[in-house]
Amino acid sequence: MTLNEELSRTRAGRLALAEERLILDVTERICEEMQYQGVPRREVARKMKIKKSELDSLLDGRRLTVRIAAEMAFALGCTFKVSLERIER
């Protein structure tokens with residue numbers, strides 16, 4: 001049994017998977033936009049008035065919040081559009 005299958009067996013596991021998927025989705029979108037615009041991390045960090053190492057930590061998802069995600073997007077001249085999808089049971 002894979003880790004994903006094992007976690008999917010319990011409510012707590014499914015919640016943990018949902019959280020990780022959301023964090024990964026947000027950080028991937030930010031990184032994709034930086035690449036698309038050709039903006040280096042140090043420039044995004046400068047616009048956010050933080051160190052590049054702090055931005056790296058945020059993009060690892062360890063301290064990511066909705067406010068910080070919005071700030072990163074704003075530094076890139078973007079905003080997030082959120083959608084909610086029903087889980088099939």
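The residues of the chain are indexed from 1 along the displayed sequence.
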Show the numbers, then the answer: is there a side-chain contact (heavy atoms from CB on, under 4.5 Å) between M72 and L55? CA-CA 9 Å; M72 285 190 281; L55 179 62; 3.7 Å; yes

Should the pair D25-R21 be classified as a salt bridge under the 4.0 Å nitrogen-to-oxygen rule? no

Could you state the interatomic distance from CG (L17) to OG1 (T10), rounded to the nearest 0.5 Å? 8.5 Å

Distance in Å, T27 OG1 paired with L22 CG, rounded so as to fall on 0.5 Å steps: 9.5 Å

Heavy atoms of other groups near R9 CZ, more than 12 under 6.0 Å: no

Distance col, row T65:OG1 vs I23:CD1, nearest 0.5 angstrom, shows 10.5 Å

In terms of heavy-atom contacts, does CD of E32 have more than 12 from other residues, nucleotides or ligands at under 6.0 Å? yes

N/O donor-acceptor pair under 3.5 Å between Q37 side chain and L76 backbone: yes

Please indicate whether F80 has more than 12 foreign heavy atoms, meaning atoms of other residues, nucleotides or ligands, lying under 6.0 Å from its CZ. yes

Looking at R63 and S57, what are the two nearest heavy atoms and their distance? NE-OG, 3.7 Å

Other residues, nucleotides and ligands only: do more than 12 of their heavy atoms fall within 6.0 Å of CZ on R42? no

Run the side-chain contact (heavy atoms from CB on, under 4.5 Å) check on C31 and R41 step by step: do they pass? CA-CA 9 Å; C31 290; R41 287 184 180 202; 3.8 Å; yes

Exercise: identify the closest heavy-atom pair between A69 and I30: O-CD1, 4.3 Å

In sequence, state the C-alpha distance, the side-chain angles, and the governing distance for V39 and E33, and then conclude on side-chain contact (heavy atoms from CB on, under 4.5 Å). CA-CA 8 Å; V39 178; E33 187 62 27; over 6 Å; no

Side-chain (E54) to main-chain (K51) donor-acceptor, under 3.5 angstrom: yes

Within-4.5 Å side-chain heavy-atom neighbours: L59 and L64: no

Could you walk me through whether V66 and V26 pass the side-chain contact (heavy atoms from CB on, under 4.5 Å) check? CA-CA 9 Å; V66 173; V26 168; over 6 Å; no

